[in-house]
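Read through the structure below, which is laid out as structure tokens, and then see the notes.
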Amino acid sequence: MSHAKVRVLVAKPGLDSHDRGAKVVARAYRDAGLEVVYTGLHQTPEEIAEAAVQEDVDVAALSILSGAHLTLVPEVVNRLRAKGADDVLILVGGIIPDEDVPALKEAGAAGVFGPGANLDEIVEFTLANLRRRGA
Amino acid sequence: MDLVDRLLDGDRRALARAITLTENEDPLAGDLAAAVFPHTGRARTLGVTGPPGVGKSTVVDGLVHLERATGRRVGVVAVDPTSPFSGGAILGDRIRMRRGASDPGVFIRSLATRGHLGGLSWHTGSVVRLLDAAGFDTILIETVGAGQAEVEIMRYAVTTIVILVPGLGDEVQAIKAGILEIADILVVNKADREGADGLVRELEATLELGAGSAASWKPPVLKTVATADRGLDAVLAAAHDHYLYLESSGSLQARLERELNAEVRGLVRDLAGRAALDWARSAGAWDSALSEVLARRTDPRSAAAGLVTRFLGRVQRKSRP
Ligand SMILES: Nc1nc2c(ncn2[C@@H]2O[C@H](COP(=O)(O)OP(=O)(O)OP(=O)(O)O)[C@@H](O)[C@H]2O)c(=O)[nH]1
Ligand SMILES: [Mg+2]
């Protein structure tokens, strides 16, 4: 008998100091029955990748309001790859201009959610795009 | 199993995945536990418990930092509650455990209770063994914040640290709830706040009342300001003293034997019960016994005893040549 639970890392890379949005998303995931590891503000890409490995998460949801998403997202992806954790689904949320979305997807983000995204949509997208992971 | 070799080799992803398989009660988890067991028994375990928000995670972060300074590798198991409504959880202890966050000598894993009561996860013991086998020298276990005595932590941690803070008015509560009885070390954290000295005196007086024989361990009451790293070296030193005390008094070995004895006994019950149930269900004995109970012709205990007797008879017949 197996009781797998979906585990999500909600992380805030970079320097901005507002985590209201990240907390709201964390709660929405919890209310949908997911286990959310929340790591707080000002995380470096290395800390995020290392937390994703140790916590063995299925998903890393990055909340970025600082405008530095075009550098931060590829850095997190590279760190994850370097650790062999390229099976983690990467989502990005925050203040992301439409024209940056293709570049983020190119960098490895499976989904990008702007300020207007609603929570149900985020949770649904997450659950629909989970990757099957082996041992 | 390749995963086991990688785990024993110190591969962090293998360790993380092994913990997940264990938590999920995956069919592989039993073999995994069996394969790592010969490699366990080396790590020193420290439990940290206390009411919500008293600074457990901040203290753990400080203790990790101090242990790392001596070169020891540190594993952390941090437990937070599962929501009874959704089955989800927010695991937030890492927020205060930043210093070990990118240190290869530190491994932090957050676990949800998943319905287990008592401030821990169902699989705390197994996860501690995985960390032990992966070579972590010290393993810190943070329980869910709860106002009552989480006695289960004593099973997994050789030394239990109970944290309280001044001004919560929780000293009387704590005493009533028996939280002092599980403490090997009492910490008054947030000693930068008013009332710390008073709380220390009160706790010392209460401990005096319940003190055992002159030869037994006397829990020290230590003041800390975890956010400023003040007093944590004394906490670690006390934990070390406690360990030496257990070792020299023979209690460490006795405790280990007691725990393993209880674990095997529990598993015998579990496995024997399961075997009897499996037989009863497949042999049809279950349905007839249960309908007798439902009709109130047989009481539950007699029905169970009858099933067990028949199951044992079958086992005996089978084992004869
Ligand atoms: N003033 C003061 N605040 C502290 C001290 N230690 C911790 N805190 C603060 O207390 C709050 C809670 O700290 P945590 O370490 O998360 O407490 P916890 O017991 O792990 O909390 P739960 O796991 O949620 O039960 C944080 O805001 C800390 O910064 C201290 O010594 N003095
Ligand atoms: Mg905590």
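Chain letters run A, B, ... following the sequence lines, proteins first and then strands; every chain starts at 1.
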Just wondering, do A:Lys23 and B:Ile90 contact through their side chains at under 4.5 Å, heavy atoms? no
Sort by residue number and list every member of residues 124-143 of chain B having a non-hydrogen atom under 4.5 Å from chain A. none
Test item: B:Arg13 side-chain N/O and A:Gly84 main-chain N/O as donor-acceptor pair under 3.5 Å: yes
So, the part of A:Lys83 with a heavy atom under 4.5 Å from chain B: the answer is backbone
Is it true that, when you exclude B:Arg230 itself, more than 12 heavy atoms of the residues, nucleotides or ligands shown sit nearer than 6.0 Å to its CZ? no
What residue, out of B:Ala89, B:Ala16, B:Pro104, B:Gly92, has the most heavy-atom pairs lying under 4.5 Å from chain A? B:Ala89
B:Phe85, part contacting chain A, at a heavy-atom distance under 4.5 Å: neither
Heavy-atom distance under 4.5 Å to chain A: side chain of B:Arg114, backbone, both or neither? side chain
CZ/A:Arg20: more than 12 non-hydrogen atoms of other groups inside 6.0 Å: no
Please check if atom CG in B:Leu277 has more than 12 non-hydrogen atoms from other residues, nucleotides or ligands closer than 6.0 Å. yes
Need one label for B:Val106: side chain, backbone, both or neither, based on atoms under 4.5 Å from any heavy atom in chain A. backbone
When you measure from the side chain of A:Lys5 to the backbone N and O of B:Gly87, does any donor-acceptor pair fall under 3.5 Å? yes
What residues of residues 26-49 of chain A sit under 4.5 Å from chain B when only non-hydrogen atoms are counted? A:Ala26, A:Arg27, A:Arg30, A:Asp31, A:Gly33, A:Leu34, A:Glu35, A:Val36, A:Val37, A:Tyr38, A:Thr39, A:Gly40, A:Leu41, A:His42, A:Gln43, A:Glu46, A:Glu47
Expected output: side-chain A:Glu55 to main-chain B:Ser110 donor-acceptor under 3.5 Å: yes
Under the side chain to side chain contact (heavy atoms under 4.5 Å, CB included) test, residues paired with B:Ala275 that sit two or more places apart: B:Phe311
I'd like to know whether CG of A:Leu70 has more than 12 heavy-atom contacts from other residues, nucleotides or ligands below 6.0 angstrom. yes
Among residues 95-107 of chain A, residues within the sub-4.5 Å heavy-atom range of chain B, in order of number, are none
Is there side-chain contact between A:Arg7 and B:Leu91, with at least one heavy-atom pair below 4.5 Å? yes
